[in-house]
Undergrad: 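Below is a structure I'd like to ask you about.
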Amino acid sequence: MTDPLTPGLAAGRLSPEEIEGNFADLHAPLGPRDAAVAADRCYFCYDAPCIAACPTEIDIPLFIRQIAGGRPEEAAKTIFDQNILGGMCARVCPTEDLCEGSCVRETSEGKPVEIGLLQRYATDSLMRRQGHPYNRADETGKTVAVVGAGPAGMACAHRLAMRGHRVTLYDAATKPGGLNEFGIAAYKSTGDFAQTEADWIMQIGGISFEGGKALGRELSLEELAESFDAVFVGVGLAGVNALAAEGAEKDGVTDAVRYIAELRQSTDLASLPVGRNIVVIGGGMTAIDAAVQTKLLGAENVTIAYRRGRDRMGASVYEQDLAASKGVRIICNVQPVEIHGNGAAAEIELEYTADTGDGLRGTGERLRLPADQIFKAIGQTMTLDSGLELEGGRISVDAKYRTSMEKVWAGGDCVAPGDDLTVWGAAQGRDAAEDMHAALMGVPEASTRAVIAEAARGIDAPPHGHAPHPDMPG
Amino acid sequence: MADLTTDFVGIRSPNPFWLASAPPTDKEYNVRRAFEAGWGGVVWKTLGAEGPPVVNVNGPRYGAIYGPDRRLMGLNNIELITDRPLETNLEEMARVKADYPDRALIASIMVPCEEAAWKAILPRVAETGADGIELNFGCPHGMAERGMGSAVGQVPEYIEMVTRWCKTYYDRPVIVKLTPNITDIRMPARAALNGGADAVSLINTINSITSVDLDRMAPEPTIDGKGTHGGYCGPAVRPIAMNMVAEIARDPETRDLPISGIGGITTWRDAAEFIALGCGNVQVCTAAMTYGFRVVEEMTAGLSAWMDEKGYASVAEVSGRAVPNVTDWQYLNLNYVTKARIDQDLCIKCGRCYAACEDTSHQAIAMEPGRTFEVIDAECVACNLCVDVCPVEDCITMTRLEPGETDPRTGRVVPAEPGNWTQHPNNPAATAAE
Ligand SMILES: Cc1cc2nc3c(=O)[nH]c(=O)nc-3n(C[C@H](O)[C@H](O)[C@H](O)COP(=O)(O)OP(=O)(O)OC[C@H]3O[C@@H](n4cnc5c(N)ncnc54)[C@H](O)[C@@H]3O)c2cc1C
Ligand SMILES: Cc1cc2nc3c(=O)[nH]c(=O)nc-3n(C[C@H](O)[C@H](O)[C@H](O)COP(=O)(O)O)c2cc1C
Ligand code: SF4
Ligand code: SF4
Ligand code: SF4
């Protein structure tokens, strides 16, 4: 029998039932009653700040009002009109930094309207229904290659198909979804939702998926640009930064994203080997996900070691608290110097750091932690040499997501500056598609704004000075 | 502790909270539980004439209007008067009254509009020891189709006639319960007074259809595919009831007629408001039906604490205090000029005031950079809509311009003296010249 105290890497530290419980939905979905109550808290703000805080600009007050009116499926349409990945976003968006963080009820009482949960309630209800809610426009005769079937590629492909174009969706992997399928924490996307969503998006028609085809391997941009009317690149960040510590090649030192991908593809989590003493190097969402999920698999001690102060962590305060609540320890201002162990990692040696203003400096003071499994979660990089102009290591695009190459657009994690969220991928894929459509058809670009801003209403100034001015009596 | 004991037309009860005639008072078991819970009195579920009792539908008899958290805002019913034999009710009433001599027990009665019918039932009611009777001229469904209930309550002459019969054949207080399903509530109140009534009670339920089943295309509650209008009660009817109470309280003809206030009373404050508008006591039905008898504890404790705070020694001292301030529109002071003021520290920047004023009113709120909302005094007509839609209490207030200040909207100096429509130059019938 293995348990959390079994040394080294071992599978089945917890019983299958415990593991199943640990990996259930992080937030239980709302039922109709809870949804009505949650929806009633929305003030239907004018020019609502939550809309502006959503990268896809979903008309949040409208969809919440549709839920309140007992029409969750129409609410879902409002969401999907702006963001076809509204279902996944409802599960994975760091809402505390986005819509909910800007909700006036967050500012006033620290308790925002539960936009994420309401969005999930609406999108689930529509996706449960048979069929796809969008029809394609008449065939335009144009063909587009979309490379990378992550959020950006899927959003782009869907919008293009909707506008009547024929899309070939290529991906190096054999199934679509990108990090939705291989990266997102298991307790956020339960029940194979990533696959369900990808299939549902494809149901619009006009999109053919070609898995196992990689740019730089089977495909080249020049050839694609030759044989298609336009190309979209949404390949994400496939590479992982190298760890600058001695002994980083030892057994037990792993890329966090690779381990998470394995975890996400596993059909039996109890059979997945996991260490007893785990150290995760990094401070972003990936570090948190690796730490929390290994803890949920039954690791005894899980520590996140981050090289700067807590305020600089990429993970939101909410994510940090989540990790803490699962028993993960976060140590800040430490960097790895050496991994000790005979062939396999056994201990990690960290050095405290000071931020001097002109860079991080080791203080000389050191700390050793037992570590039989060490995860590198120190950021992903673009490894692909596409020949496109880069900016900070990522593909350089203009405001319309056009790259340096004629007929080639790009979006998602692979473009600069890089906000690296599912919802940004969805927004950029959609907007690139609209610009491609405009360019291919020679039509003006359709607005992807949720609401007409006050300044654009095009109505004369209010009739000031014309309110009735009755005399005063006597 | 303020004294909650009330003497309503000579009927004493330990507090002003009576249960209205309805299911909560339909039998001995309920009423005993109500008295144990602390209710000051009950109006027994309406009795009908001797003989086979009325029957009720065997399908649903209620419809409801909810707030989002399924808070019951309004209830509608198609129940008739008591469906138990008269004899049973009378025996039970006598037993309960004997055991609870300090509580008020009123018999509600509805018999056909014939003198003989009233002459027959009144002595039997008197024998029970009941403290008085209430004439049910209000039930708006079923009984009205048979010429009783609101069919009587809608004809002032009938009210007067039946009240007079009751005063002739019964020697304890007679309370006339009014239906709100009428254009001018003062008419039936005057008729009751002319017939010799000791008091009126109001309101009974309001004709209503609470909802329509859009699949079956039938009003709810639906009985085998059909529905009928019911009587509406609960918190939603309170404003309508309070206006009717105030109309009677300030009518020169009926101003001394005691009133038992009914309609949506749910908390001590609701009761206090009815009492301030001229009621001597109050009756409650829906609140008890929604939450059970124990709600009376909040009502008595709250009313008593509030009276202590304000220094009122008795319910009678509160009764009618607000009546002199209920007036007609034409007497409102047009020289009272206010402007909306937004407290920027409280404002949460939702923009609702802006949407309301900009889209539907007077374009008197400016949306400034950073979502700052400011009232434009030169446009604000002081309608108060922004105050009503603002989700933050006290964030927008209406501030009075002092006499001598200039209203930037009209450019006129606010006069010190009040002035109303009867004196206004635009009024063809103005009484006072410039
Ligand atoms: C562990 C982890 C957890 C995360 N958690 C969250 C979260 O909770 N919430 C959130 O909003 N975001 C989260 N993110 C970020 C989010 O997943 C990404 O921002 C998002 O997936 C980016 O979408 P994309 O389409 O640009 O790229 P990806 O999702 O990376 O998709 C790129 C696709 O391109 C394919 N591809 C790569 N190279 C090639 C090639 N050469 N040829 C063809 N195909 C190629 C890949 O197989 C993949 O399918 C997380 C990321 C990670 C790594
Ligand atoms: C189910 C039900 C039955 C009622 N039956 C009677 C009745 O028999 N006699 C009567 O005078 N009023 C009857 N009423 C009216 C109530 O006594 C009361 O006037 C009305 O409900 C308003 O008060 P509320 O808002 O506190 O419920 C009934 C009300 C309900 C809900
Ligand atoms: S900011 Fe909050 S309250 Fe306002 S519309 Fe958005 S969700 Fe509703
Ligand atoms: S009181 Fe009326 S007119 Fe004045 S700002 Fe408010 S809504 Fe506008
Ligand atoms: S309605 Fe109230 S809280 Fe909202 S913007 Fe206006 S003043 Fe501020």
Side-chain angles (χ1 to χ4, degrees), chain A residues 30-53 60-62 64-65 67-71 102-114 118 451-455 457 459-474, chain B residues 66-71 332-335 337 346-359 361-367 371 373 376 378-381 383 389-392 395 407-415 417-427 430-434:
Chain A
L30 299 177
R33 247 313 274 305
D34 302 329
V37 175
D40 189 57
R41 294 190 66 240
C42 173
Y43 289 145
F44 201 72
C45 293
Y46 183 82
D47 209 356
C50 55
I51 303 179
I60 293 162
L62 176 61
I64 293 180
R65 209 172 165 72
I67 292 175
R71 308 297 306 177
S102 298
C103 174
V104 299
R105 299 200 76 161
E106 166 62 27
T107 343
S108 64
E109 58 198 276
K111 197 170 178 299
V113 173
E114 293 173 307
L118 286 164
V451 282
I452 306 170
E454 182 69 0
R457 285 196 175 198
I459 302 171
D460 288 346
H464 281 166
H466 296 288
H469 289 187
D471 288 334
M472 294 272 187
Chain B
Y66 295 111
D69 202 4
R70 240 178 129 77
R71 167 144 178 220
L332 297 176
N333 181 7
L334 295 173
N335 291 341
V337 182
L346 289 178
C347 173
I348 61 169
K349 304 185 184 298
C350 68
R352 278 170 75 160
C353 56
Y354 175 79
C357 195
E358 187 74 11
D359 283 357
S361 300
H362 306 279
Q363 295 77 43
I365 294 179
M367 183 170 169
R371 296 184 70 78
F373 297 90
I376 307 165
E379 300 299 327
C380 176
V381 305
C383 72
V389 304
C390 176
V392 183
C395 175
D407 178 352
R409 181 172 69 92
T410 57
R412 296 181 136 250
V413 174
V414 178
E417 324 70 48
N420 63 43
W421 176 244
T422 64
Q423 305 149 328
H424 197 279
N426 288 14
N427 179 0
T431 50
E434 284 281 321

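To find a chain, count down the sequence lines: A is the first, B the second, and so on, and within it residues start at 1. As the structure is a computational prediction, the values presented were derived from the model and not from experiment.
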Undergrad: Is B/Val392 in contact with chain A via its backbone, its side chain, both, or neither, using a 4.5 Å heavy-atom distance?
TA: neither

Undergrad: Considering only heavy atoms, which portion of A/Thr107 lies under 4.5 Å from any heavy atom of chain B: side chain, backbone, both, or neither?
TA: neither

Undergrad: What pair of heavy atoms forms the shortest contact from A/Cys45 to B/Arg371, and how long is it?
TA: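 That closest heavy-atom pairing would be CB-NH2, 4.4 Å.
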
Undergrad: Is A/Tyr46 close to B/Met367 at the side-chain level, that is, under 4.5 Å between some pair of heavy atoms?
TA: yes

Undergrad: Pick one of side chain, backbone, both or neither for B/Asn333, based on which atoms fall under 4.5 Å of a heavy atom in chain A.
TA: neither

Undergrad: Taking side-chain contact (heavy atoms from CB on, under 4.5 Å) as the definition, give me every residue that meets it alongside B/Pro391, ordered by chain and number, with sequence neighbours left out.
TA: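 side-chain contact (heavy atoms from CB on, under 4.5 Å) list for B/Pro391, sorted by chain: A/Tyr43, B/Ile348, B/Cys350, B/Arg352.
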
Undergrad: Could you tell me whether the side chain of A/His464 and the main chain of B/Gln363 form a donor-acceptor pair under 3.5 Å?
TA: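 Checking the backbone N and O of B/Gln363 against the side chain of A/His464, a donor-acceptor pair under 3.5 Å is found.
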
Undergrad: Listed by chain and number, what are the side chain to side chain donor-acceptor pair (under 3.5 Å) partners of A/Arg41, not counting sequence neighbours?
TA: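 Listed in chain order: A/Glu109.
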
Undergrad: Heavy-atom distances under 4.5 Å only: say whether B/Ile376 touches chain A with side chain, backbone, both or neither.
TA: side chain

Undergrad: Does CZ in A/Arg65 sit with more than 12 non-hydrogen atoms of other residues, nucleotides or ligands closer than 6.0 Å?
TA: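 At most 12 heavy atoms, drawn from other residues, nucleotides or ligands, come within 6.0 Å of this atom.
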
